Trainee: 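Okay, handing you the structure first.
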Amino acid sequence: MPELPEVETIRRDLIDYVKGKKIKSVTILNKKTVRNKAVFFVNYLRNRKIIEINRRGKLLIITLEKKKKEKENKFLLIHLKMTGQLIFVQGKKSIAGGHSLSKESFSKAVGGALPNKHTRVIFTFVGNSFLYFNDLRLFGYLEIVSSEKVEQIKVNNYGPEPLSSDLTVSYLKTLLKNRTSCIKALMLNQKIIAGLGNIYVDEALFLAGIKPQRPGKSLKTKEIERLIISINSVITKAIDNRGTTFNNYVDSHGEKGNFTKLLQVYGRQGEICFRCGKIIEKCRLAGRGTHYCPNCQK
DNA sequence: GTGTTTGTTATCAA
DNA sequence: CTTGATAACAAACA
């Protein structure tokens, strides 16, 4: 379940691995994964370099090379949704049929050598390296779009990024002041704050000492201040620890995230609160499993 | 066979 | 138009 810290970890890795590399060929193993016409997608990417790798919320935005005759760059959007993985493999010189790499870390996380049965798209780079897009549940997608469309998506679909100066107390205050839905649902809304998902919303609300059931408009200024500090703190620590692996997430070399063992409430229902010793509870809010301490969170 | 996992969008209602 | 609530998507696992 990649959220902002997991996508950011992958983004940083991909900058090291594929930025500046030229795509030699693309193989689509599942047509549903690619939102463009398959022929266009494959032909457009062939012999084109990766220029930049950016992120907005949980969406990866890859800038593609502009050829001489073309007016502007296009962009490759990649959304991992629930179970998407992007795994980079540096192949050995001259191998025939498949590659194996440092198997140990890998075999558990993605089911052994690549490609596997969940591999949906394969990028082959000049220099015999590979980027595999795996996606068990087929919710994720890849799409080539114009610069106009990218700008549209960035502005219309996403609120301020955590860790950015745009996420201010006054912003959140005005947005929450008339909202009757619970703060948990509002924090999951990408148009209010970009990049948070089920895990980090629960963790941030615990840190802030706010019950997830509280209506948005019931939050006091002090609580909104605490909430923003908590969001930034949990996101920073999660990025530092290369994300959280609960089910499916692995980074671009198939390794799990280290934040899992630092979780305070997510997945800890029935266990003891590290802060007060009471039992962590779980309920359902906004259709999502929601974990909280009934004593620490008011 | 049943319930559970969740990012996002579609749909319907108010 | 905005907001909120819920289902749907899809596959695997306990």
Side-chain angles (χ1 to χ4, degrees), chain A residues 1-8 10 29-35 55-61 77-86 108-112 116-121 133-143 145 149 152-154 156-159 161-162 172 174-205 212-219 235 238 243-250 256-257 259-260 263 265-270 281-292:
Chain A
M1 297 155 290
E3 304 178 31
L4 192 159
E6 291 76 32
V7 178
E8 180 63 15
I10 290 172
L29 300 173
N30 183 286
K31 281 199 170 174
K32 186 180 171 296
T33 300
V34 174
R35 289 191 172 181
R55 177 188 60 73
R56 185 78 172 92
K58 301 164 195 166
L59 182 67
L60 283 169
I61 303 173
L77 306 180
I78 302 182
H79 204 303
L80 304 173
K81 290 283 182 88
M82 315 239 328
T83 56
Q85 303 173 330
L86 277 171
K108 288 178 210 152
V110 291
N116 63 37
K117 68 172 177 173
H118 303 310
T119 303
R120 311 305 183 183
V121 177
F133 179 80
N134 296 338
D135 188 19
L136 185 149
R137 282 165 70 176
L138 295 173
F139 284 178
Y141 66 86
L142 283 66
E143 183 178 16
V145 296
K149 180 106 183 262
Q152 219 176 312
I153 289 170
K154 283 201 232 177
N156 297 338
N157 296 16
Y158 295 99
E161 292 277 330
L172 205 51
T174 50
L175 252 171
L176 296 183
K177 76 173 178 220
N178 293 319
R179 298 300 201 104
T180 57
S181 24
C182 64
I183 187 64
K184 161 108 188 193
L186 294 166
M187 289 173 69
L188 286 170
N189 183 343
Q190 303 297 296
K191 291 180 184 176
I192 296 178
I193 302 173
L196 300 180
N198 204 35
I199 296 174
Y200 296 110
V201 167
D202 283 5
E203 293 296 309
L205 283 170
Q213 296 89 339
R214 291 266 302 280
K217 63 180 183 183
S218 76
L219 268 66
I235 293 295
T244 302
T245 297
F246 216 78
N247 293 325
N248 191 259
Y249 167 75
V250 291
K256 297 183 176 189
F259 194 71
T260 320
L263 293 172
V265 286
Y266 185 87
R268 299 197 62 246
Q269 64 273 18
E281 290 184 6
K282 180 178 179 184
C283 66
R284 183 155 290 263
L285 282 179
R288 299 292 175 252
T290 299
H291 316 73
Y292 65 101

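Computed from a predicted structure; not experimentally measured.
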Trainee: Whole angstroms only, please: what is the NZ-P distance between Lys32(A) and dT9(B)?
Mentor: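 Those two atoms, NZ and P, are 13 Å apart.
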Trainee: For dG7(B), take OP1 and OP2 only and decide whether either is under 4.0 Å from a side-chain N or O of Gln190(A).
Mentor: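 No.
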Trainee: When the distance from CE of Met1(A) to C1' of dC9(C) is rounded to whole Å, what number comes out?
Mentor: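 For the pair Met1(A) CE and dC9(C) C1', the rounded distance is 17 Å.
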Trainee: Can you tell me if Glu203(A) uses its side chain to pair, donor with acceptor, with the backbone of Val265(A) under 3.5 Å?
Mentor: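 Yes; judged by distance alone, with no hydrogens or angles, the pair exists.
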Trainee: With the threshold set at 4.0 Å, does a side-chain nitrogen-carboxylate oxygen contact exist between Glu3(A) and Lys58(A)?
Mentor: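 No.
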Trainee: Do Arg288(A) and dT8(B) share a donor-acceptor pair, side chain to base, under 3.5 Å?
Mentor: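 Such a pair is found, so the answer is yes.
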Trainee: Would you mind telling me which of dA12(C), dG7(B), dT4(B) lies closest to the side-chain atoms of Leu136(A)?
Mentor: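 Nearest listed nucleotide: dA12(C).
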Trainee: Distance check needed: dG4(C) C1' versus Leu176(A) CG, whole Å only.
Mentor: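 After rounding, the reported distance stands at 15 Å.
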Trainee: Tell me which nucleotide among dT8(B), dG4(C), dT6(B) gets nearest to the side chain of Lys58(A).
Mentor: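 Of all the options, the side chain of Lys58(A) is nearest to dT8(B).
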Trainee: Take atom CG of Leu196(A) and atom P of dG7(B), then tell me their distance rounded to the nearest Å.
Mentor: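 So the CG-P distance, Leu196(A) to dG7(B), works out to 10 Å.
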Trainee: Whole angstroms only, please: what is the CG-C1' distance between Leu186(A) and dT2(C)?
Mentor: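 Nearest whole value for this atom pair: 13 Å.
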Trainee: Using centres under 5.5 Å plus planes under 30 degrees as the test, is Phe139(A) stacked with dC9(C)?
Mentor: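 Stacking is present between dC9(C) and Phe139(A), given that their ring centres fall under 5.5 Å apart and the planes under 30°.
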Trainee: I need the CG-C1' distance between Leu285(A) and dT4(B), as an integer number of Å.
Mentor: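 Taking CG of Leu285(A) and C1' of dT4(B), I get 16 Å after rounding.
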Trainee: If you assign Arg120(A) and Asn178(A) each to the DNA chain C nucleotide with the nearest heavy atom, which residue ends up on the more 5' nucleotide?
Mentor: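 Residue closer to the 5' terminus by nearest nucleotide: Asn178(A).
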Trainee: Has Thr83(A) got a side-chain atom pairing as donor or acceptor with Lys81(A)'s backbone, closer than 3.5 angstrom?
Mentor: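 Judged by distance alone, no pair lies under 3.5 Å.
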Trainee: Whole angstroms only, please: what is the OH-C1' distance between Tyr141(A) and dT8(B)?
Mentor: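 The distance from OH of Tyr141(A) to C1' of dT8(B) comes to 9 Å, rounded to the nearest Å.
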Trainee: OP1 or OP2 of dA11(C) versus the side-chain N and O atoms of Lys81(A): is any pair under 4.0 Å?
Mentor: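 Negative; the distance criterion is not met.
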Trainee: Within the distance-only criterion (no hydrogens, no angle test), does the side chain of Thr260(A) pair as donor or acceptor with the backbone N or O of Thr245(A) below 3.5 angstrom?
Mentor: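 Judged by distance alone, yes, a pair lies under 3.5 Å.
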Trainee: Select base, sugar-phosphate, or nothing to describe what Gly289(A) touches, counting heavy atoms under 4.0 Å on all strands.
Mentor: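 Since only primed, P, OP1 and OP2 atoms lie under 4.0 Å of Gly289(A), the category is sugar-phosphate.
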Trainee: Between P on dT6(C) and CG on Asn189(A), what's the gap in Å once rounded to a whole number?
Mentor: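 Atom-to-atom, Asn189(A) to dT6(C), this comes out as 16 Å.
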Trainee: Using a 4.0 Å heavy-atom cut-off, does Lys191(A) contact any base of the nucleic acid, only the sugar-phosphate backbone, or nothing at all?
Mentor: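 Result for Lys191(A) = nothing.
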Trainee: What's the closest nucleotide to the Arg179(A) side chain, out of dT6(B), dA12(C), dG4(C)?
Mentor: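 Within the option list, the nearest is dG4(C).
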Trainee: Can you measure from CG (Leu60(A)) to CG (Leu77(A)) and round to the nearest 0.5 angstrom?
Mentor: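 The distance works out to 9.5 Å.
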Trainee: Taking OP1 and OP2 of dT6(B), is either one under 4.0 Å from a side-chain nitrogen or oxygen of Tyr266(A)?
Mentor: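 Result: yes.
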Trainee: Thr180(A) near the nucleic acid: base, sugar-phosphate alone, or nothing, with a heavy-atom cut-off under 4.0 Å?
Mentor: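 Answer is sugar-phosphate: Thr180(A) comes under 4.0 Å of backbone atoms only.
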